[in-house]
Amino acid sequence: MAEVIVLDTPDDAGRFVAAHIAREVRANPEFTLGVATGSTPLPVYQALHAESEAGTDFTRLTAFALDEYVGLPVEHPESYRSVVDREVTVPLGLDPARVHVPDGSVEGIQTAGARYEAALEANGGVDLQLLGIGRTGHLGFNEPGSSFGSLTRVKTLTERTRIDNARFFDSLDQVPIHCVTQGLGTILRARHLVLLAFGEGKAEALAAAVEGPVSASMPGSAIQLHARVTVVVDRAAASELKFRDYYQWAQDHKPDWQGI
Ligand code: F6R
């Protein structure tokens, strides 16, 4: 079962996760971080920036994004290439050559998935993958029904996800319908998964992912197949968890040597 850590606020969660990543990077400067986009990981990126200002050197870090919209020019401010550059590459001083985002261009679409998988393999995979969860239960953009063995490929977003993501655009019409996303099989290869969720709106999907039956209808439940998963959430997102007293008990008795 995943380790579930419930903290008071998203900023607390961001500092907690960033402190862990910074320790890992100090021990291994060539660390590979899997980055998510959307609003959930922003407190982690802010806290990583603070770790960088406090002296952790991230310049040799490699980053792989989870997904990209199809057909949105890379220079569009909401392309995930732009978001990753703005929130991660520039503030942490990463080498842009080590920052990978799937190719969402229409011209490259036939080979985008295979090229991304080859880049991941050539890099030796991902050490720690940050994940958010959609209200449909998606990880990356693996909407319900995605195979647990799936690799990076084109997917069609649900209307629910397009409506949720319309807040980043001027109107719903501008939200692309297609994306290139790491598959659930790709995500499961990362050596450590860190799933973040904040707010009441995520409580139901989070509980289904962490405690519900393992099913392709709830892509988030794929985390139950992974040997090393840390779930870091605020109290609102934790509100539907059946075993939250146990998670709290485990936290209260967590030995210093245990790490995450
Ligand atoms: C983003 C991603 C998605 C988001 C999810 C939650 O790269 O792959 O799975 O993590 O849609 O989005 P937010 O964080 O905006 O609620």
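Here, residue 1 is the first one in the sequence, and each next residue gets the next number. When a ligand or atom number is given, it counts from 1 through the structure's own listing order.
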Positive for side-chain contact (heavy atoms from CB on, under 4.5 Å) with Thr152, one of Thr186, Leu66, Ile187: Thr186
Salt-bridge contact Arg160-Asp164 (side-chain N to carboxylate O under 4.0 Å): yes
Residues Glu3, Lys254: salt bridge by 4.0 Å N-O rule: yes
Basic-acidic side-chain contact under 4.0 Å: Glu117, Arg189: yes
Which protein N or O atoms sit under 3.5 Å from any N or O of ligand 1? Give atom names and distances.
from     : atom 1 : to     : atom 2 : distance (Å)
ligand 1 : 7 (O)  : Thr37  : N      : 2.9
ligand 1 : 7 (O)  : Thr37  : OG1    : 2.6
ligand 1 : 7 (O)  : Asp67  : OD1    : 2.8
ligand 1 : 7 (O)  : Asp67  : OD2    : 3.4
ligand 1 : 8 (O)  : Asp67  : OD2    : 2.5
ligand 1 : 8 (O)  : Gly140 : O      : 3.3
ligand 1 : 9 (O)  : Gly140 : N      : 3.4
ligand 1 : 9 (O)  : Gly140 : O      : 2.7
ligand 1 : 11 (O) : His138 : NE2    : 2.6
ligand 1 : 14 (O) : Ser39  : N      : 3.2
ligand 1 : 14 (O) : Thr40  : N      : 2.8
ligand 1 : 14 (O) : Thr40  : OG1    : 2.4
ligand 1 : 15 (O) : Ser39  : N      : 2.9
ligand 1 : 15 (O) : Ser39  : OG     : 3.1
ligand 1 : 15 (O) : Arg167 : NH2    : 2.8
ligand 1 : 16 (O) : Lys202 : NZ     : 2.7

Test side chain to side chain donor-acceptor pair (under 3.5 Å) applied to Gln46 and Glu87, step by step: CA-CA 8 Å; Gln46 277 150 20; Glu87 306 295 346; 5.6 Å; no
Side chains of Tyr116 and Asp67, donor plus acceptor under 3.5 Å: no
